[in-house]
Number of protein chains: 2
Amino acid sequence: MGATIKDIAKIAGVSKSTVSRVLSNNGKYSNQAKEKVLKVAKELNYQPNEIAKAMVTRKTGNIAFVIYHKIKPVITYPFFTPIISSLIETATNNNYGVFVFTERDINDPFKTIHEKRVDGVILASRINAEIVEAFKSQNIPVMLLNPFVEIENTSYVESDEYSGSMDAMQYLFQKGHRRIGFVQGFWKERYINDRYSAYKDALMQKGIEFDENLVIEVDEVSMETGRNAADAFMRLSELPSAIFAASDLLAIGMMKQFKKSGFSIPKDIAIVGFDDIEMASIYEPALTTVRVNKELMGELAVRQLILMMNMDEDQSQCKKQITLPTSLVVRDST
Amino acid sequence: MGATIKDIAKIAGVSKSTVSRVLSNNGKYSNQAKEKVLKVAKELNYQPNEIAKAMVTRKTGNIAFVIYHKIKPVITYPFFTPIISSLIETATNNNYGVFVFTERDINDPFKTIHEKRVDGVILASRINAEIVEAFKSQNIPVMLLNPFVEIENTSYVESDEYSGSMDAMQYLFQKGHRRIGFVQGFWKERYINDRYSAYKDALMQKGIEFDENLVIEVDEVSMETGRNAADAFMRLSELPSAIFAASDLLAIGMMKQFKKSGFSIPKDIAIVGFDDIEMASIYEPALTTVRVNKELMGELAVRQLILMMNMDEDQSQCKKQITLPTSLVVRDST
DNA sequence: TCGAAAAATGGGAACGTTCCCTATTTAACT
DNA sequence: AGTTAAATAGGGAACGTTCCCATTTTTCGA
């Protein structure tokens, strides 16, 4: 099979300690030894065995990304696709491997992850305190990504949903809209619900009375439920002049349904989404939406986790809670 | 830290051999020993160390997926997203972890993968004989997914692009089209180019003369190059009545550009795509396209690889070359 | 040229498993 | 009860590294 340090040592006529020192550039060795070892290593096409290394250093060089989410195949979910992509890219560039787990694929993510002996985990969405504690108690650094609930004393990266939603609402006001609807999924599961709060606060600040008939809750975020939401709005005696959908998938589903029912967007009804998924710019009319920097979220999550993994013990020292700014992208749906 | 077999052995009052036998259910042991061991293991919240296991069994339980492709962040590339998703799902369900590598992220995928000591690899797209041989010579089972070139004596899963393309052409003929354009990317890199062959063969069979003005090559597959292709068609003295785009991204880019230039689809020009990416059904008009079963491709690739990994030595015994059927999905663009 | 300090090297334990081989216990049959 | 076979248990090497510690070699100043 593959050559080992022992093979190199034998051929180069030095001890395996010396070979190890040369190859990992750790400790003292003579130039002569270095040359011999590197030459032989090259000849034998030596590839270090990360498994053996992991055995003694107790670092595998792998991390896990777990999405605790109801949605089906999560990698194809348009909000997560770019996050996972940038996450893997950043990790790979730093010599880390990434395991992606989704709640539904696995009976007990904790068990599986623990067996794989990852050096750290990134947990997304619908996490809770017990899950986080399970990892922390095993001394596995935890980084949260867009957590639905607040967990104290834990690093996270999220986006500023409140201010993004405020921007969306201000923009609609500026366009002259007063009667504005709101749609969102995952109602009860979110302890933090900045999008909804911002919607209500914006109305209040503008002195517009909150009308609960204009607020629709769907139990899943998809284009299908977006269509249903549009139907619900069309059943009202009077349609709102604009709708703020707290997710692009809902927004696009709604646009489809409104168009199908003969309404024109944005003439008859204006739609604003949230997330800025890829489809938002491709669909016609292109969707005005609040852009979340998904690529940066993935990247920062990995960077911060790497920081935490490298400072063994006392990770609390480098706790970091990042809230990324969002930006309103104005397109054709408003 | 975590409890080990040795800890269990000490507390249960048996040898670590016995503990190992009980936990891995391999070899003989008494009921009494079993009970004691399992009880202690539970008490200590024992989690097996897969790293140590990998060290001795020489199986890591991990596989690598490598896309040799020009395109940028490959996980977000709509053709690959569902493939990677189903690949990871299938692997996870079979207790395998998946590392995803893309050519551009990594200087030398072979080196990295080899260091990670995966049990097998799935290689996609623009592979070549040397790459495949590099893995095979290290006794790492190789499974190809949608390979651009033919590699002898190697298992693969692909889709029947020739017959899918034929179906598309037949359908256009049936709709009365005679003057049909063709667009594709990655021209020179494909040794196998069934889509283009089918286009030409279909014309010939129908007795329509091949007109190379109606064939456009783009050097990258994206909506942007699709737009360019549409522009190129519009510069012709006479527009074809239909265009077969060998990729949905190109098709959608073209539709966008045609619409922007005031043409109506399918009234002024009909468009057929290939792949059936998610956007194909969402964009309006919804795209008629040749559906490739991407989910099944990912699943079968993993299943076959697992088969190969489990039969140590003599993998040639279970070589399998799978060509999945495609199906024409008729929507609104034709 | 000698001695001490510095530099380089080597030996071997450790990481947590598995698995082979040997030793012990138990069972079974005369 | 005695012999043998079968069942169970234990000891220890091995997997390929790293890293500590002891030993050897080199360097350099007096």
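Chain identifiers are assigned alphabetically (A, B, ...) following the order of the sequence lines, protein sequences preceding nucleic acid strands; residue numbering begins at 1 within each chain. In this text the structure is predicted, and so the values were computed from the model without any measurement.
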Report task. Answer yes or no on whether A:K116 is positioned over the face of A:F99, meaning its NZ or CZ is under 6.0 Å from the six-membered ring centre and within 45° of the axis. Result -> yes
Report summary line: Contacts of A:T18 and A:A52 projected onto DNA chain C by closest heavy atom; the upstream (5') one is A:T18
**Report entry** Candidate list B:V22, B:V14, B:L23, test side-chain contact (heavy atoms from CB on, under 4.5 Å), partner B:I8, passing option
**Finding:** B:L23
Report task. Measure from the side-chain N and O atoms of B:S155 to the backbone N and O of B:Q321, and report whether any donor-acceptor pair falls under 3.5 Å. Result -> no
Query raised in the report: With distance as the sole test, does A:K53 use its side chain to make a donor-acceptor pair with the main-chain N or O of A:K59 at under 3.5 Å?
Result: no
Query raised in the report: B:K34 has an atom NZ; how far is it from atom P of D:dA7, in whole Å?
Result: 17 Å
Query raised in the report: Is the closest basic N to carboxylate O distance between B:K111 and B:E115 below 4.0 Å?
Result: yes
Query - Residue mapping more 5' on DNA chain D - nearest nucleotide basis, B:N31 or B:V56 - result: B:N31
Query raised in the report: Want to settle it: does A:R21 or B:Q32 sit nearer the 5' end of DNA chain D, counting the closest nucleotide to each?
Result: B:Q32
With heavy atoms under 4.0 Å as the rule, sort [X] into base, sugar-phosphate or nothing.
X: B:K16; value: base
X: A:K28; value: base
X: A:S17; value: base
X: A:A33; value: sugar-phosphate

Query raised in the report: Can you list every ring pair (Phe, Tyr, Trp, His ring centres under 6.0 Å) pair that touches residues 124-152 of chain B, not counting sequence neighbours?
Result: B:H69-B:F148, B:F110-B:F135, B:F148-B:F186
**Report entry** Nucleotide range of DNA chain C lying under 4.0 Å from chain A heavy atoms
**Finding:** C:dA8 to C:dG16
